[in-house]
Amino acid sequence: MTLIKSISGIRGTIGGAVDENLTPIDAVKFAAAYGTWLKTQRQKDNYIVVVGRDARISGEMIQNLVMNTLVGLGIHVIDLGLSTTPTVEIAVPLEHADGGIILTASHNPKQWNALKLLNAKGEFLNGAEGQKILEIADSNDMFFAEVDDLGKITVNDAYIDIHIDEVLDLELVNVKAIKDAKFKVVVDGVNSTGGIAIPLLLERLGVEPVKLYCDPTGHFPHNPEPLKEHLGDLAKEVVKEHADFGIVVDPDVDRLAFMDEKGEMFGEEYTLVACADYVLSKTPGNTVSNMSSTRALRDVTEKHGGTYEASAVGEVNVVTLMKKNNVVIGGEGNGGIIYPESHYGRDALVGVALFLSLLAEKQIKVSELRASYPNYFMSKKKIQLTPGLDVDGILSTIEANYSHEKLTTIDGVKIDFADSWVHLRKSNTEPIIRIYTEAPSQDAADTLADRFISEIKAIANI
């Protein structure tokens, strides 16, 4: 049971002790700190915050605590109810709001929840802004409104439809070609809000959705991280239904993965590769992903005459570099598509529409599309952190041991070998060290990951 405070928001498990878990008191404290910070950003008479949540069991409780805390600060709230992370991101500027809060722990299991915090652009806060909010929370320097100045809550349940309208209006979304293709697609919504949004999008595009775990009860039928080992039911359903492919999203719908017509994973890393291939074929330019993402994006970008660059892990870091490099598409290898023509946030709905457009125009099967891309294999493993473990010291030792190799240290340590790489970093969202590797074969990637796990354990004496 734990509470994690980082640039990715405030994340923790429900229940337990204050300041150790995400209790009601912690939810109120950090919502109040955010609202207090928000009011320092610009002086005005009325402040507005958009709030939405995924379908996890604790969501309604946490959302009510957060919204009424903002009301107590004199801030007006637009309540989207069950929503998605990208839907809230889109709603903030459309509502001319001062910020937004999404109640979701993303891919974490049902006992977790979190406050993801947005600025007035509907984008995640940067590190300095997040640190200021933590300082306000620690200081209790918050001043609440008097009774005549309390905020109000306005319910608006139309924003998933508005979000879909925004996606369909994107120039590169080829609605006609998609409708003509008459696709049949199985959707695993992990019993969260993706089970609402993705089938609605598909229906608007003339695609026949076969719903699997699309009832937004918050009772996740499997580990909600969209990885192959969790998706056996989706594989069976795709084959059984003779579907063109399968779609799976995480609980807040900012991560997206596909499964081909044979029930084989397209590869979470290749979601961005395929969408970038399509966008770059229409609007040549540059791309960005994070340091833990596949080299295949670099290869596809260079094929289209563009330049690829990697950022530190974390959506805010990816977005910052995307803006600096004026890229046409970017994101993260975990299935996160960021398409600036829509907005600067990971968006599975945008990813689905771009992928369908690519597939419809090429008129090929998903397995054939996957075979057309460079073949890299990744291994994603982790080591649970123990209290007092000196992670920075461990990474410094590895950096010294591999000083003769090409190193990048903007986020942990990444070592680039001739035909493979390894990235070691402390997670922003879980008490773990992540070990990502990529190599020309799965055995080679797994072996490389196991080698560095052994090295870390030897250095840490665990």
Side-chain angles (χ1 to χ4, degrees), residues 8 106-107 124 225-228 250 254-258 265-280 285-304 306-325 327-340 344-348 350-351 354-355 370 373-382 406-417 419-429 434-440 442 444-445 448-449 452:
S8 298
S106 192
H107 63 277
F124 286 113
E225 189 164 11
L227 302 177
K228 178 180 180 179
D250 65 341
D254 61 359
R255 289 176 63 172
L256 170 66
F258 298 111
M265 290 300 293
F266 186 76
E268 190 183 32
E269 290 287 329
Y270 284 81
T271 299
L272 177 56
V273 174
C275 291
D277 186 26
Y278 176 68
V279 170
L280 291 168
N286 303 325
T287 64
V288 162
S289 65
N290 68 41
M291 293 168 58
S292 290
S293 301
T294 179
R295 285 178 173 175
L297 180 60
R298 175 202 64 186
D299 296 348
V300 166
T301 303
E302 292 176 352
K303 178 189 78 173
H304 288 287
T307 299
Y308 165 80
E309 189 172 352
S311 76
V313 174
E315 184 172 324
V316 65
N317 298 317
V318 175
V319 167
T320 298
L321 189 57
M322 286 179 67
K323 290 179 177 179
K324 177 184 175 183
N325 291 2
V327 308
V328 295
I329 189 170
E332 297 187 286
N334 60 12
I337 305 299
I338 303 175
Y339 185 45
Y344 278 103
R346 293 181 301 174
D347 191 332
V350 169
L354 293 175
F355 186 82
R370 176 63 182 83
Y373 295 127
N375 218 14
Y376 296 108
F377 296 83
M378 290 192 72
S379 180
K380 301 180 181 182
K381 301 190 178 184
K382 54 192 176 185
K406 181 181 177 182
L407 298 175
T408 307
T409 58
I410 61 172
D411 182 9
V413 178
K414 184 174 183 180
I415 308 168
D416 275 289
F417 302 106
D419 62 351
S420 61
W421 55 260
V422 59
H423 186 200
L424 313 169
R425 62 181 295 273
K426 184 177 178 179
S427 172
N428 288 330
T429 58
R434 295 191 182 276
I435 301 98
Y436 290 141
T437 61
E438 186 172 64
Q442 193 61 59
L448 185 60
F452 276 89

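Just so you know, these numbers come straight off a predicted model, no measurement behind them.
- Residues passing the salt bridge (Lys or Arg N to Asp or Glu O under 4.0 Å) test with Arg295, sequence neighbours excluded: Asp416.
- With sequence neighbours excluded, no residue forms a side chain to side chain donor-acceptor pair (under 3.5 Å) with Thr271.
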- request: Could you give me the CA-CA distance, side-chain angles and deciding distance for Phe417 and Val422, then say whether side-chain contact (heavy atoms from CB on, under 4.5 Å) is met?
  value: CA-CA 8 Å; Phe417 302 106; Val422 59; 4.0 Å; yes
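- Summarising the local packing, NZ of Lys303 is surrounded by more than 12 heavy atoms from other residues, nucleotides or ligands at distances under 6.0 Å.
- Legend: residues meeting ring-ring contact (aromatic ring centres under 6.0 Å, His included) with Phe258, ordered by chain and number and at least two apart, are Phe245, Phe355.
- Arg425 is linked by a side chain to side chain donor-acceptor pair (under 3.5 Å) to Asp411, counting only residues two or more places apart in sequence or in another chain.
- Taken from CD1 in Ile415 to CG in Leu424, the straight-line distance is 6.0 Å, to the nearest 0.5 Å.
- The minimum heavy-atom distance between Tyr373 and Phe266, with the atom names listed, is CE1-CZ, 4.1 Å.
- Note that CD1 of Ile329 is 11.0 Å distant from OG of Ser289, once rounded to the nearest 0.5 Å.
- Across all their heavy atoms, Leu272 and Gly330 have their closest contact at CD1-O, 3.4 Å.
- Rounded to the nearest 0.5 angstrom, Leu297 CG and Tyr376 OH are separated by 11.0 Å.
- Side-chain contact check for Asn286 versus Glu309: every heavy-atom pair is 4.5 Å or farther apart.
- Leu354 and Cys275 make their closest contact through CB-SG, 4.1 Å (heavy atoms, listed as atom of the first residue, atom of the second, distance).
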task: Decide yes or no on side-chain contact (heavy atoms from CB on, under 4.5 Å) for Asn334 and Glu225, but give the supporting numbers first.
output: CA-CA 10 Å; Asn334 60 12; Glu225 189 164 11; over 6 Å; no
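- The 12-atom threshold is exceeded at NZ of Lys323, counting heavy atoms of other residues, nucleotides or ligands nearer than 6.0 Å.
- Between atom CE of residue Met378 and atom OH of residue Tyr436 there is a gap of 7.5 Å, rounded to the nearest 0.5 Å.
- For Lys382, the side-chain contact (heavy atoms from CB on, under 4.5 Å) partners are Glu430, Ile432, not counting sequence neighbours.
- When the ring-ring contact (aromatic ring centres under 6.0 Å, His included) test is applied to Tyr339, no partner is found at least two apart in sequence or on another chain.
- Here the side chains of His423 and Thr408 are not in contact, with every heavy-atom distance at 4.5 Å or above.
- In terms of heavy-atom proximity, Ala296 sits nearest to Tyr270 at CB-CE2, 3.7 Å.
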task: Could you go through the side-chain contact (heavy atoms from CB on, under 4.5 Å) check for Thr287 and Arg298 one step at a time?
output: CA-CA 8 Å; Thr287 64; Arg298 175 202 64 186; over 6 Å; no
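- A distance of 10.5 Å separates CZ of Arg346 from CD1 of Ile337, quoted to the nearest 0.5 Å.
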query: Yes or no on side-chain contact (heavy atoms from CB on, under 4.5 Å) for Met291 and Ile410, after CA distance, side-chain angles and deciding distance?
result: CA-CA 9 Å; Met291 293 168 58; Ile410 61 172; 3.4 Å; yes
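- By the side chain to side chain donor-acceptor pair (under 3.5 Å) test, Asp250 is found to be paired with Ser106, residues two or more places apart in sequence or in another chain being considered.
- In terms of the side-chain contact (heavy atoms from CB on, under 4.5 Å) criterion, residue partners of Ser311 (sequence neighbours excluded) are, by chain and number, Val288, Asn290, Asn317, Val318, Leu321.
- Residues satisfying the side-chain contact (heavy atoms from CB on, under 4.5 Å) test with Ala445, not counting sequence neighbours, are Ser379, Thr437, Ala439, Gln442.
- Legend: residues meeting side chain to side chain donor-acceptor pair (under 3.5 Å) with Ser427, ordered by chain and number and at least two apart, are Thr429.
- Residues Glu268 and Pro226 come closest through the heavy atom pair OE2-CG, 3.6 Å.
- Here the closest heavy-atom approach between residue Arg255 and residue Ala348 is recorded as O-CB, 4.0 Å.
- A salt bridge links Lys380 with Glu269: the distance from a Lys NZ or Arg NE/NH1/NH2 to an Asp or Glu carboxylate oxygen falls below 4.0 Å.
- For Phe452, the ring-ring contact (aromatic ring centres under 6.0 Å, His included) partners are Tyr402, not counting sequence neighbours.
- Qualifying side-chain contact (heavy atoms from CB on, under 4.5 Å) partners for Lys426, counting only residues two or more places apart in sequence or in other chains: Leu385, Val391.
- Inter-residue side-chain proximity for Pro340 and Met322 is flagged as met; some heavy-atom pair is nearer than 4.5 Å.
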